[in-house]
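Down below is the structure, laid out as structure tokens.
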Protein chains: 2
Amino acid sequence: MKAKTEIEKNPTTEEKIKEAARRVFTRKGYAATRTRDIAEESGFNLALINYYFRSKEKLFDLVMLENLQLFIHSVMGIVNNPETTLQEKIEILVSHYIDMLIKNPDVPIFVLSEINADPKKLISRLGFDKVNHQKIYLVKQWMELAAAKKVPAFNPIHIMINVLSMTIFPFIASPLLRNRTSMSLEEFNQLMEERKKLIPVWVNAILRTG
Amino acid sequence: MKAKTEIEKNPTTEEKIKEAARRVFTRKGYAATRTRDIAEESGFNLALINYYFRSKEKLFDLVMLENLQLFIHSVMGIVNNPETTLQEKIEILVSHYIDMLIKNPDVPIFVLSEINADPKKLISRLGFDKVNHQKIYLVKQWMELAAAKKVPAFNPIHIMINVLSMTIFPFIASPLLRNRTSMSLEEFNQLMEERKKLIPVWVNAILRTG
DNA sequence: GTCTATAGACTGATAGAC
DNA sequence: GTCTATCAGTCTATAGAC
């Protein structure tokens, strides 16, 4: 196993092709991507893709798994941390997520539309097993606060949906939003930076609602 | 021009094919859809698609335009109504949107991922012209309330983003969300029904934040 | 390991019978 | 209007030279 910085500096052909595939698949989706596009993007020949990865689909699965990790796994470490308060979890989650999304703006729409295209694959092929929702530390903390009536009694899933919605959705709607409001990419990113501080405040206001 | 109810009861072959195309395109996206899929779904032969619509792309453009109307135009009539208050606009918008989304859950991810795949087409081919954002009645009302300090001074676009995020995003993330929480479609729809009343309350709480 | 050339399957579109 | 049959182009994957 190579260290990450070493991979970035001295990528092998295999790694170069995988990174090219990640860029193309994430931008255009599985069906619209041709293996020729990946070959061209990587700077190598078409035949090498099959030499290293056997098929378009196997290469896609690798890319999908990486993007899924980026999209989901980053959350899990945060919401499961027993050392932070509910409020802190939300602040950290939103801030880290927006940083990731500014770097990888195409990831959410890629992941969600590919899952929508083939929901079965999510579980069967990518080995994406379920978690017991009750065991997540954030849910535990919520339950305790609800018992002490410090937080409203509605389904805590609503709060999780709201945090993720307000954080992720603007990136998914970005092309349409920017077109409708004649907004540059820089202005958009600036707006998202503002939301790092605003969303936790808003969520706090929502929590006081019940 | 036939009346809508008449179309639903006595659809011509052309209308049947277009409806079949709408279902298939909206579920699988442009690139993953084969003209043969549409033929099969419509119950007619492949050749008829070209007889009525000349090409896959022209048929797609029709479907895209309809879905875009569903996705956007429904908003415009509501946010531009001078007869309703800001608060009423939000209530009506959320309620109508959620009704539409429960009936057409695939529309948002379809529209947004196709726009993401080819943003230029949005304007050049589909004739989707810009609106002057300042002229929208909702923005006007916001400005007046902000001037009277009844509403926070941050960019009103944030509120619009929040309303649309909390309303639309759960439908986009539905397959993933339902998988992670082992939620049935009925339970999900019930959760969305709850949000019709909750979102306006939450937005109100956000508005008192500034 | 990396390339060129090509096989083999599939796709969108059309010709032509009825 | 609706069908069957088929063309021409494109795609993934592989064989084989270096």
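Proteins get letters first, then strands, A, B, ... in listed order; numbering begins at 1 in each. Below, all heavy atoms of this structure are taken into account, side chains as well, without hydrogens, waters or symmetry copies.
In B:Q87, the CD atom is crowded: over 12 heavy atoms of neighbouring residues, nucleotides or ligands sit closer than 6.0 Å.
For A:F169, there are no ring pair (Phe, Tyr, Trp, His ring centres under 6.0 Å) partners at least two apart in sequence or on another chain.
Screening residues 96-111 of chain A for side chain to side chain donor-acceptor pair (under 3.5 Å) gives A:R22-A:N104, A:D99-A:K196 as the qualifying pairs, with residues at least two apart or on separate chains. Listed by first and then second residue, the salt bridge (charged side-chain N to carboxylate O under 4.0 Å, His left out) pairs involving residues 65-77 of chain B are B:K18-B:E66 (not counting sequence neighbours).
One axis for each end of the helix from C:dG1-D:dC18 to C:dC18-D:dG1, each built from five base pairs, and the angle between them comes to 10° at 10° resolution.
Panel note: side chain A:D37, backbone A:R34; a donor-acceptor pair is recorded below 3.5 Å.
B:K121 forms no cation-pi arrangement with B:F60, by the criterion of a distance under 6.0 Å to the ring centre and an angle within 45° of the ring axis.
Ring centers of B:F110 and B:F71: at least 6.0 Å apart, outside the cut-off.
One side chain, A:K89 or A:T84, offers a donor N or O that lies under 3.5 Å from an acceptor on the other. Donor-acceptor pairing under 3.5 Å is lacking for the side chains of B:R36 and B:N45. Between the side chains of A:S55 and A:N50, no donor-acceptor pair is found at a separation under 3.5 Å.
Proximity of residues 16-28 of chain B to DNA chain D (heavy atom under 4.0 angstrom from any strand atom) is not detected for any residue.
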Classify every nucleotide of nucleotides 8-15 of chain C by which part a protein heavy atom approaches to under 4.0 Å, writing B for the base, S for the sugar-phosphate alone and - for neither, in 5'-to-3' order. ---BBBB-
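Atom CG of A:D37 and atom P of D:dA13 are 14 Å apart (whole Å). The distance between atom CD1 of A:I49 and atom P of D:dC11, rounded to the nearest whole Å, is 13 Å.
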